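These numbers come from a predicted model, not from an experiment.
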Amino acid sequence: MDKQIHTEIIINAPLQKVWQIIIQLEDYKNWNPILIECRGIAKTGQRLKNVMRTEGSKTMSFNPIVTKVEEDQYFEWLGSLLVKGIFDGRHSFRLTEISPEQVRLVHREEFSGIASGFILKKIKEQTTSNFILWNQALKAHAEEKNTER
């Protein structure tokens, strides 16, 4: 079983604008329908406090650690369910400039841990749908901000 979720979207806004939206974690509550709260700093080694909206408008909190940041290109965190090694997710955003006003976002998560196959089988479809909603909200927010220049 493929233990990853991979989504992509083209955003019609400058790279730096999209990057700033991704790393301004405190602002997620204003535009992100899935990750409704994100506190912390997008800096390697920092622990984040995330609250995710799940099916049925329930919420789930988790505290991933930022594992990699490459300015204007890549942001990644690693989260675990309960304890590391049971169900871990390496969540990442990669930006590639297509033109000065257009960016490709690759939004993915790689799963590992002893229960990853079992859990992912149950949540993969809904989680993929959530990533797509997240991407669309990011695109709308970036493109709206792009017209405000």
Side-chain angles (χ1 to χ4, degrees), residues 1-44 46 48-57 59-81 87-113 115-149:
M1 177 181 175
D2 186 20
K3 294 185 182 179
Q4 71 168 327
I5 293 172
H6 178 107
T7 62
E8 294 187 24
I9 195 166
I10 303 298
I11 301 171
N12 298 309
L15 175 73
Q16 290 76 21
K17 187 168 294 218
V18 178
W19 176 254
Q20 287 304 311
I21 292 169
I22 289 172
I23 65 165
Q24 289 175 354
L25 307 176
E26 302 282 337
D27 195 38
Y28 276 36
K29 64 184 175 281
N30 297 319
W31 63 267
N32 193 319
I34 307 303
L35 195 59
I36 57 173
E37 183 179 340
C38 187
R39 289 186 286 169
I41 301 169
K43 182 177 176 187
T44 302
Q46 293 293 306
L48 305 179
K49 164 89 169 125
N50 292 349
V51 178
M52 181 175 69
R53 179 175 287 130
T54 61
E55 270 187 286
S57 292
T59 59
M60 181 179 102
S61 297
F62 58 104
N63 299 302
I65 190 161
V66 177
T67 50
K68 191 172 185 180
V69 179
E70 294 176 8
E71 187 75 22
D72 293 333
Q73 293 178 34
Y74 190 80
F75 176 46
E76 174 188 279
W77 68 63
L78 177 63
S80 299
L81 181 64
F87 182 66
D88 304 325
R90 187 171 299 279
H91 196 114
S92 65
F93 308 88
R94 178 169 300 283
L95 296 177
T96 306
E97 187 174 68
I98 297 169
S99 73
E101 294 292 321
Q102 198 171 61
V103 175
R104 170 178 284 107
L105 166 67
V106 174
H107 181 185
R108 60 189 299 228
E109 190 155 4
E110 297 175 24
F111 299 93
S112 60
S116 59
F118 173 76
I119 294 172
L120 191 56
K121 188 181 292 188
K122 290 181 170 281
I123 69 164
K124 187 169 187 173
E125 187 176 317
Q126 182 63 47
T127 304
T128 301
S129 295
N130 287 346
F131 276 33
I132 292 167
L133 285 173
W134 181 330
N135 294 349
Q136 291 168 340
L138 175 60
K139 175 182 174 70
H141 188 61
E143 291 178 358
E144 174 186 302
K145 284 191 161 297
N146 200 35
T147 61
E148 293 175 1
R149 290 190 280 184

### Query
Under 3.5 Å, side chain of Tyr28 to main-chain N/O of Pro33, donor-acceptor pair present?
no
### Query
Around Arg104, counting heavy atoms of other residues, nucleotides and ligands shown, do more than 12 lie under 6.0 Å from its CZ?
no
### Closest non-hydrogen atom pair between Ala142 and Ile21, with its separation
CA-CD1, 3.5 Å
### Query
Are any of the side-chain heavy atoms of Leu105 and Ile22 separated by less than 4.5 Å?
yes
### Glu125 atom CD, over 12 foreign heavy atoms within 6.0 Å
no
### Query
Hey, does Leu133 have a side-chain heavy atom less than 4.5 Å from the side chain of Gln136?
yes
### Query
Can you tell if the side chain of Asn12 reaches within under 4.5 Å of the side chain of Lys139, non-hydrogen atoms only?
yes
### Summary
Value for OG1 (Thr59) from CD (Glu37), rounded to nearest 0.5 Å, stands at 9.5 Å
### Query
CD/Glu101 to CD1/Ile11 distance, rounded to the nearest 0.5 angstrom?
13.0 Å
### Message
Would you compute the distance between atom CD of Glu143 and atom NZ of Lys17 and round it to the nearest 0.5 angstrom?
### Response
11.0 Å
### Task
Using a 4.5 Å cut-off on heavy atoms from C-beta on, say whether the side chain of Asn63 contacts that of Lys49.
yes
### Task
Could you tell me which non-hydrogen atom of Asp72 sits nearest to which non-hydrogen atom of Leu95, and how far apart they are?
O-CB, 4.0 Å
### Task
Measure the spacing between CG of Asn130 and CD of Gln126 and express it to the nearest 0.5 Å.
4.5 Å
### Task
For the residue pair His107 and Trp134, categorise the inter-ring angle as parallel (less than 30°), tilted (30 to 60°) or perpendicular (more than 60°).
perpendicular
### Message
Do Asn50 and Trp77 make a side-chain contact, defined as non-hydrogen atoms from C-beta onward lying under 4.5 Å apart?
### Response
yes
### Query
For Ser116 and Phe87, which heavy atoms make the closest approach, and how far apart are they?
CA-CD1, 3.5 Å
### Message
Is it the case that the side chain of Lys43 and the backbone of Lys68 share a donor-acceptor pair, with hydrogens and angles ignored and the cut-off at 3.5 Å?
### Response
no
### Query
For atom CD1 of Ile41, is the number of surrounding heavy atoms from other residues, nucleotides or ligands below 6.0 Å larger than 12?
no
### Task
For a ring-ring contact (aromatic ring centres under 6.0 Å, His included) with His91, tell me which candidate from Phe131, Phe75, Phe62 qualifies.
Phe131
### Message
Closer than 4.0 angstrom, basic N to acidic O: yes or no for Glu76 and Arg90?
### Response
yes
#### Entry: Shortest non-hydrogen contact from Gln4 toward Phe111
CA-CD1, 4.3 Å
### Query
In Å, rounded to the nearest 0.5 Å, how long is the span from CZ of Phe93 to CD of Glu109?
9.0 Å
### Message
Taking the side chain as everything from C-beta on, heavy atoms only, tell me whether Arg39 gets closer than 4.5 Å to Leu25.
### Response
no
### Message
Working to the nearest 0.5 angstrom, can you tell me the gap between Gln102 CD and Leu15 CG?
### Response
12.0 Å
### Query
Is the side chain of Lys29 donor-acceptor paired with the backbone N or O of Cys38 at a distance under 3.5 Å, no angle test?
no
### Heavy-atom pair of closest approach, residues Val103 and Pro14
CG2-C, 3.9 Å
### Task
Find out whether Val106 and His6 are in side-chain contact, i.e. whether some heavy atom of one side chain is under 4.5 Å from a heavy atom of the other.
yes
### Query
Considering all heavy atoms of both residues, which atom of Glu26 and which atom of Gly40 are nearest to each other, and what is their separation?
OE2-N, 3.5 Å
